[in-house]
2 protein chains.
Amino acid sequence: MPKHAKEMEALKAHLGKHQLKYTRQRELILDAFLQQEHITAEEMYHQLAKKDPHLGLATIYRTLNLFCEAGLAQARHFGTQTQYDNISHKGHHDHLICTDCGKIVEFENCEIEKLQQEVATRNGFTISTHRLELYGLCGRCRH
Amino acid sequence: MPKHAKEMEALKAHLGKHQLKYTRQRELILDAFLQQEHITAEEMYHQLAKKDPHLGLATIYRTLNLFCEAGLAQARHFGTQTQYDNISHKGHHDHLICTDCGKIVEFENCEIEKLQQEVATRNGFTISTHRLELYGLCGRCRH
DNA sequence: TATATTCTTGAGACGATTTATCAATTTCAA
DNA sequence: TTGAAATTGATAAATCGTCTCAAGAATATA
């Protein structure tokens with residue numbers, strides 16, 4: 001049984017629903033992606049160059065965007081690059097982001113999530129994912 | 001007395017401290033900026049083209065970044081562009097977003113904000129802005 | 001006020017990141 | 001196995017923001 005059977009099924013379900021195909025490249029990229037907490041397209045390109053030197057950067061971008069549509073990933077822009085966060089792997093992480101040096105601290109907070117649920121319920125919504133980013137200065141950059 | 005005397009003084013203080021000059025362009029851009037909650041350089045470029053057709057885009061980028069350094073603005077990457085948030089503007093709100101119909105509900109929640117502060121403090125951060133988006137289905141689309 | 005010094009501006013070149021294009025290839029259902 | 005439809009890889013192109021530099025503007029000094 002593959003390591004990430006659950007996510008692979010989720011991806012296949014999305015592909016089937018949209019008349020898309022399950023390709024070798026998509027499987028390769030999914031495997032690599034699910035081992036990361038977050039990654040950029042460029043990083044993945046270099047990582048996968050060993051396994052498949054002909055895998056194109058455009059394919060990686062296309063596939064990571066596909067993962068976002070399938071609900072496996074979430075794009076987040078910081079600095080000049082886009083980070084693709086793995087939201088299926090370890091539970092959801094929120095981010096503290098230093099606007100000066102770019103340092104990112106991940107955190108989880110059940111109380112905040114509970115309050116989010118309350119807000120959603122009060123407005124008749126059913127939440128599937130969320131995004132919370134706190135911007136400011138880290139201890140070192142404050143000086 | 002100008003509309004935004006306080007912010008103008010803050011800018012002048014920063015300029016003086018760093019041996020920078022108070023120019024017509026900086027005043028023009030400050031005036032426009034303080035009327036916004038957040039704006040991109042491109043948006044401001046078009047907005048100000050009426051008042052000064054020769055104002056360059058590079059000057060707007062430079063000036064908005066200057067405002068960040070002076071503590072009047074905060075850069076935030078959203079989509080492919082950079083949003084410059086007006087820090088002096090109160091009334092931050094978060095968003096509930098329906099992934100099916102695109103409906104957006106705005107909300108504020110002091111308790112969540114308080115918990116955010118706690119998380120930040122615990123990690124040595126000083127928050128200046130944040131972004132919270134809840135994605136899911138609205139009441140109508142759930143059926 | 002005149003002058004010297006320094007900073008700023010505008011225009012376009014440039015670099016980095018991401019998307020679009022398109023012929024060749026692969027997938028998948030019949 | 002076959003054929004329609006989707007995908008890929010290579011690269012061109014678009015987008016966004018910064019850099020460069022000569023010309024112009026702001027401030028300090030006399």
Side-chain angles (χ1 to χ4, degrees), chain A residues 8 11-30 32-33 38-70 73-85 99-100 102, chain B residues 8 11-30 32-33 38-46 48-70 73-85:
Chain A
M8 189 177 288
L11 176 60
K12 283 185 178 172
H14 178 85
L15 296 176
K17 198 183 296 180
H18 294 81
Q19 293 169 303
L20 306 175
K21 293 171 178 176
Y22 190 73
T23 66
R24 185 181 59 78
Q25 289 88 341
R26 284 173 178 168
E27 179 169 1
L28 190 64
I29 294 170
L30 180 64
F33 177 69
H38 51 78
I39 194 167
T40 66
E42 195 73 32
E43 283 166 359
M44 180 163 283
Y45 181 63
H46 288 115
Q47 223 177 79
L48 289 181
K50 299 158 197 163
K51 292 192 176 180
D52 180 355
H54 293 290
L55 185 61
L57 185 55
T59 297
I60 294 185
Y61 274 107
R62 281 187 293 234
T63 304
L64 288 173
N65 287 333
L66 172 69
F67 291 172
C68 290
E69 284 155 25
Q74 195 168 64
R76 179 169 49 84
H77 304 273
F78 187 82
T80 60
Q81 286 192 301
T82 300
Q83 290 280 343
Y84 291 87
D85 293 350
T99 51
D100 199 52
Chain B
M8 188 176 289
L11 176 61
K12 283 186 178 173
H14 178 86
L15 296 176
K17 199 183 295 181
H18 294 81
Q19 292 169 305
L20 305 174
K21 292 172 179 175
Y22 190 74
T23 66
R24 185 181 59 79
Q25 289 88 340
R26 285 173 178 167
E27 178 168 1
L28 190 64
I29 294 170
L30 180 64
F33 177 68
H38 50 78
I39 194 167
T40 66
E42 196 74 32
E43 283 165 359
M44 181 164 283
Y45 181 62
H46 287 116
L48 289 181
K50 299 157 198 163
K51 293 191 176 180
D52 181 354
H54 293 290
L55 185 60
L57 186 55
T59 298
I60 294 184
Y61 274 108
R62 281 186 293 235
T63 304
L64 288 173
N65 287 334
L66 172 69
F67 291 172
C68 291
E69 284 155 26
Q74 172 102 66
R76 181 169 49 87
H77 301 277
F78 185 82
T80 62
Q81 288 190 303
T82 300
Q83 290 281 344
Y84 291 86
D85 292 349

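Reminder, nothing fancy here: chain letters follow the sequence lines and each chain counts from 1.
Rounding to whole angstrom units, NZ of residue A:Lys21 and P of C:dT27 are separated by 9 Å. Residue A:Arg24 contributes atom CZ, which lies 13 Å from atom P of C:dC28 at whole-angstrom precision. Atom-to-atom, CG of B:Leu30 to C1' of C:dT8 comes out at 17 Å; the value is rounded to the nearest Å. Atom CG of B:Leu28 and atom C1' of C:dT8 are 15 Å apart (whole Å). Here the P atom of nucleotide C:dT9 and the CD atom of B:Glu27 are 12 Å apart, to the nearest Å.
Between B:Ala41 and B:Ile60, the shortest heavy-atom contact is O-CG2, 3.8 Å.
If you find the closest nucleotide of DNA chain C to A:Gln83 and to A:Gln25, the one lying nearer the 5' end belongs to A:Gln83. Sequence order on DNA chain D of the closest nucleotides to B:His77 and B:Leu20 puts B:His77 first from the 5' end.
Contact between the side-chain N/O atoms of A:Thr80 and the OP1/OP2 oxygens of C:dT17 is found at a separation under 4.0 Å.
Of the residues in residues 51-69 of chain A, those lying under 4.0 Å from DNA chain D by heavy-atom distance are A:His54, A:Leu55, A:Gly56, A:Ala58, A:Thr59, A:Arg62.
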### B:Gln74 vs B:Tyr84, side-chain contact (heavy atoms from CB on, under 4.5 Å): CA-CA, chis, key distance, verdict
CA-CA 5 Å; B:Gln74 172 102 66; B:Tyr84 291 86; over 6 Å; no
### Task
Could you check B:Leu64 against B:Phe33 for side-chain contact (heavy atoms from CB on, under 4.5 Å), going step by step and ending with a plain yes or no?
CA-CA 9 Å; B:Leu64 288 173; B:Phe33 177 68; 3.9 Å; yes
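Here the side chain of A:Thr63 pairs a donor or acceptor atom with the backbone of A:Thr59 at under 3.5 angstrom.
Chain A approaches DNA chain D within less than 4.0 angstrom (heavy atoms of the protein), and the contacting nucleotides run 5' to 3' from D:dA5 to D:dT11.
Within the nucleic acid shown, A:Gln19 comes within 4.0 Å of sugar-phosphate atoms alone, with no base atom in reach, counting heavy atoms only.
Identified under the salt bridge (Lys or Arg N to Asp or Glu O under 4.0 Å) test for residues 53-65 of chain A, with sequence neighbours left out: none.
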